[in-house]
Amino acid sequence: MIKLDDSEKNHVFSYLLTTYFANLGVRYALISPGSRNTPLTQALVQNKYIKTYSVVDERSSAFVALGKTKSDRYKCPVIVVTTSGSAVANLFPGVIESYMSEIPMIIITADRPKKLIGTGANQTIYQNKIFGRYAHFFDLSPHIKNIQEYLEKSFYFNNDEYEDKLWKFMCKIYATYEYGPYDTSHGKYSPIPVHLNIPFDEPLYTEKKYDFSLPLSKAKIPYNPRIYGPGPDWGFNHSRILIICTDICDSVIIKASEKYNVPIFMECRSSRFEKKSHNIISNYDFILRNYNVKPDIILRFGSRPISKELNKLIDTNKQRTYLVQGNDSRNNLTAWMGSDSLNDFLNLNKNINKSWFDDLIKMQEMVEDGIQSFFKTPKSHEGYIINTIISTMPKNSNLMIGNSSPIRDLDAFTFNLDKKINIYSNRGASGIDGLISTAIGMSINKKSFNTLIIGDVSFYYDLTALNIAKNIPVNLTIFIINNNGGHIFDRLDGLKTQSKSNYDKYWLTPVNLDVKSIAKAFDCNYQKINLNQYGKLNTIIKKLNTKDQKINLVEIIVDSDKHELNNKKLENKIKKLFI
C-alpha cells in the first residue's frame with residue numbers, strides 16, 4: 001500500500017485527476033506557466049492520452065480551447081490550466097464566450113492554501129467562484145485533503161465494495177460540462193464551463209512519477225433531459241411555413257424542406273456552404289428590406305440571428321415563432337423537436353402554399369443574380385472581398401469569421417455553395433477579442449485549409465496570439481480587412497451627427513497597424529493586396545503556402561469611402577429589382 005507524505009499529496013491528486021479526465025475522453029490541455037500549478041503541469045505532461053500545449057498568455061489560452069472544442073466532432077472540452085492570482089482573471093473573456101455559446105471548457109486553477117487567503121500573501125486572490133454565473137464552480141480542497149483515503153479504498157486495489165468518492169465527484173463534473181445543470185423552469189440542459197480550484201501547499205515539485213489506470217465502465221453519468229414535441233398552439237393548418245437556421249442545420253431539415261416546399265432562411269453560420277439546395281435562401285436580408293414575407297409560422301433552429309432584418313421579422317411575429325432547437329440567451333427554448341420529427345409535423349400541414357414558396361425562391365435567384373453581376377468586375381467593397389475568398393477556398397476548408405463587419409458581410413453577400421466549408425464564430429458574446437486565438441484552436445491538427453477573416457481592430461486586439469504558433473504549429477491563413485478603424489460604426493445613422501474629430505477619436509479609433517512589421521516580428525508569411533489588386537485575390541489565395549506550418553497574414557487594404565459608395569449602388573440596384 002502506498003503511504004503518502006505531505007510532499008506527495010499534490011502530485012498523486014493531480015495524476016489521479018488528470019487520469020480521470022483522460023478516461024472521460026479529454027484529449028487536449030493548454031497550460032500557462034506558473035509555479036503553483038506545477039503538480040498539474042507535471043501530471044498532464046506525463047499523461048500519454050492528453051496532448052499538452054504551452055500558452056504563455058492566459059487571455060489567449062481560453063480562446064484557443066474554445067476554438068479546438070468548436071472544431072471537434074464531438075465537442076469534447078479542453079483543459080485550461082493556470083497558476084494562482086490574476087492569471088485566473090485573464091481567462092474571463094473566454095469563459096464568458098464559452099458560457100454564452102454553450103461550448104464546454106474545463107478550467108483548472110491552482111490556488112494558495114486557504115490559510116493564506118486574505119493575509120496579503122504574494123499572488124493570492126479570492127479565486128472561489130471568480131467567474132460567477134459564467135462557470136459552475138467546484139472546490140477540490142476537500143478531495144485533495146482526503147487523497148490518502150481515496151487511494152487506499154478505491155478500486156485501484158480491487159476494493160469494489162468502496163464507492164470511489166472522487167470518481168463520483170468527477171462524474172458530476174463531467175455531467176455538468178457535457179449537459180450543464182438542469183434548468184427545471186425551462187426543461188433544458190445546456191453545456192457550461194466548469195471551474196475546478198485546487199489549493200496546493202508546498203512542496204510543488206517532485207521527481208516521482210505515478211501511473212494510474214481506470215476502467216471507463218466505472219462511469220455512471222446522470223442524464224435525463226426533458227423532451228418536447230410540437231405544442232398544442234402550433235396547429236397543423238399552416239400554408240406559409242418558414243424555417244430559419246442560424247448556427248444549427250442538418251441534412252434532415254434540408255431534405256424535409258425540399259419534400260414539402262418549405263423555404264429555409266439560412267445564415268452563414270449554418271450549412272450554407274456545405275451542400276447546394278434549391279430551398280436555401282441566403283440573401284434574405286435584401287428580400288426582407290423590399291418584400292413583406294408574411295409567414296404563418298416560423299420554426300427557428302439555432303441562436304439569435306445576425307441580421308437586423310431577420311430579427312425584426314422574428315420580433316414582429318413573436319406569437320407565431322418557435323425556437324425549436326438551440327439557445328436564445330440560454331433560456332428561451334419554446335419547444336424541442338428532433339430533426340426527424342420535422343417530417344411528421346410538415347406532413348400534417350396539408351395546405352402548404354407552393355406559390356408563396358416559389359415566389360421566395362425566385363426572389364433569391366433574382367437577388368443573387370443582381371449581386372453576382374455587380375461583383376462581376378472587382379469592386380472596392382468588403383462584401384466582394386469576402387465573397388471572393390469563400391468562393392476560392394478549397395472544399396472541406398475551415399473558416400473562422402470575425403465579428404463586427406466581417407460576419408455581417410459574409411451573411412449578406414455570399415450564396416449557397418457545394419463546398420463542405422465549416423464556419424466557426426464567437427457569437428456568444430460577439431466580442432472582437434480572442435479571435436486569432438480561437439482560429440488557432442480551430443486549426444489544431446486540421447490538415448485542410450484553415451482561415452480567419454478579421455478586421456484590423458480585431459486583429460490588433462489579439463495580435464500577441466500570433467506568438468502561440470511557436471508552440472502550436474498550425475496551418476492558418478489570416479485575411480486582415482484593413483480599413484483603418486472600426487467602420488462598423490459607419491452603418492449607424494445616429495453617429496453621423498458627431499463631429500468628425502470626435503467620431504474618429506471615440507468610435508472609429510484607427511489603429512494604423514504596420515502589418516508587415518508585425519508579420520516579421522512573429523515570423524509569419526506576409527502578403528499585401530492593395531486597392532488595384534482585388535482582381536488577383538483568387539490567384540493569391542490559390543498560391544498560399546500552407547505546408548510550412550507558419551501563419552500566413554494577408555493584408556487587404558480597403559477604402560471605406562469607396563466601400564460605402566459601392567454598397568449604396570448595390571442596394572439601389574437590388575431595390576429596383578423589386579419594383
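Between Asp433 and Arg59 no salt bridge is recorded (no basic side-chain N to carboxylate O distance below 4.0 Å). Under a 4.0 Å N-O distance rule, the pair Asp418/Lys276 does not qualify as a salt bridge.
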Start with the C-alpha gap between Arg289 and Asp285, add the side-chain angles, then the distance that decides, and say whether salt bridge (charged side-chain N to carboxylate O under 4.0 Å, His left out) holds. CA-CA 6 Å; Arg289 288 181 206 171; Asp285 212 52; 2.7 Å; yes

Between Lys550 and Asp548, does the salt bridge (charged side-chain N to carboxylate O under 4.0 Å, His left out) criterion hold? Intermediate values first, please. CA-CA 5 Å; Lys550 278 188 178 182; Asp548 63 359; 5.2 Å; no

For Ser560 and Lys562, what are the C-alpha separation, side-chain angles and deciding distance, and is it a side chain to side chain donor-acceptor pair (under 3.5 Å)? CA-CA 5 Å; Ser560 59; Lys562 288 183 179 179; over 6 Å; no

Would you please test Asp315 and Arg304 for salt bridge (charged side-chain N to carboxylate O under 4.0 Å, His left out) and show each step? CA-CA 11 Å; Asp315 291 340; Arg304 196 77 177 173; 2.5 Å; yes

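Between Tyr205 and Thr38, the shortest heavy-atom distance links the atoms CD1-CG2, 4.1 Å. Considering every non-hydrogen atom in both Asn475 and Lys447, the closest pair reads ND2-O, 3.7 Å. A pairwise comparison of heavy atoms in Gly402 and Leu452 identifies N-CD1, 4.4 Å as the closest pair. Gln127 and Thr109 get closest at one heavy-atom pair: NE2-OG1, 3.7 Å. The two residues Arg112 and Ser84 have their closest heavy-atom pair at NE-OG, 3.4 Å.
The number of heavy atoms from other shown groups lying within 6.0 Å of OH (Tyr460) does not exceed 12. Surrounding CZ of Phe578 are more than 12 heavy atoms belonging to other residues, nucleotides or ligands, all under 6.0 Å away. More than 12 heavy atoms of other residues, nucleotides or ligands sit less than 6.0 Å from atom OH of Tyr384.
Residues Glu178 and Pro77 meet the side-chain proximity criterion, which asks for heavy atoms closer than 4.5 Å. The closest side-chain heavy-atom distance from Phe522 to Leu463 is below 4.5 Å. Residues Tyr506 and Gln498 fail the side-chain proximity criterion, which asks for heavy atoms closer than 4.5 Å. Annotation: side chain of Ile287 is not in contact with side chain of Glu309 (no heavy-atom distance under 4.5 Å). Here the side chains of Ser71 and Asn422 are not in contact, with every heavy-atom distance at 4.5 Å or above. By the 4.5 Å heavy-atom criterion applied to side chains, Ile306 and Arg408 are counted as neighbours. Counting heavy atoms from C-beta on, the side chains of Tyr284 and Val367 never come closer than 4.5 Å.
The OG atom of Ser60 sits 10.5 Å away from atom CG of Leu30, with the distance rounded to the nearest 0.5 Å. Rounding to the nearest 0.5 Å places OG1 of Thr18 at 5.0 Å from CG of Asn47. Note: Ile454 CD1 to Ser405 OG = 12.0 Å, rounded to the nearest 0.5 Å. Note that CG of Leu44 and CD1 of Ile31 are 5.0 Å apart. Values are rounded to the nearest 0.5 Å. The line from NZ of Lys129 to NE2 of His136 is 9.0 Å long, rounded to the nearest 0.5 Å. Annotation: the span from Ile551 atom CD1 to Thr546 atom OG1 amounts to 13.5 Å, rounded to 0.5 Å.
Both the sub-6.0 Å distance and the 45° axial angle are not jointly satisfied by Lys528 relative to the ring of Tyr526.
Taking the six-membered ring for Trp, Phe375 and His381 have ring centres closer than 6.0 Å.
Judged purely by atom type and a 3.5 angstrom limit, Asn403 has no side-chain atom pairing as donor or acceptor with the backbone of Ile432.
Remark: Tyr177 engages Tyr174 in a ring-ring contact (aromatic ring centres under 6.0 Å, His included) (not counting sequence neighbours). Evaluation of the ring-ring contact (aromatic ring centres under 6.0 Å, His included) rule for Tyr28 yields no partner, not counting sequence neighbours.
Of the residues listed (Arg300, Arg269, Lys70), the one engaging Asp247 in a salt bridge (charged side-chain N to carboxylate O under 4.0 Å, His left out) is Arg269, and it is the only one.
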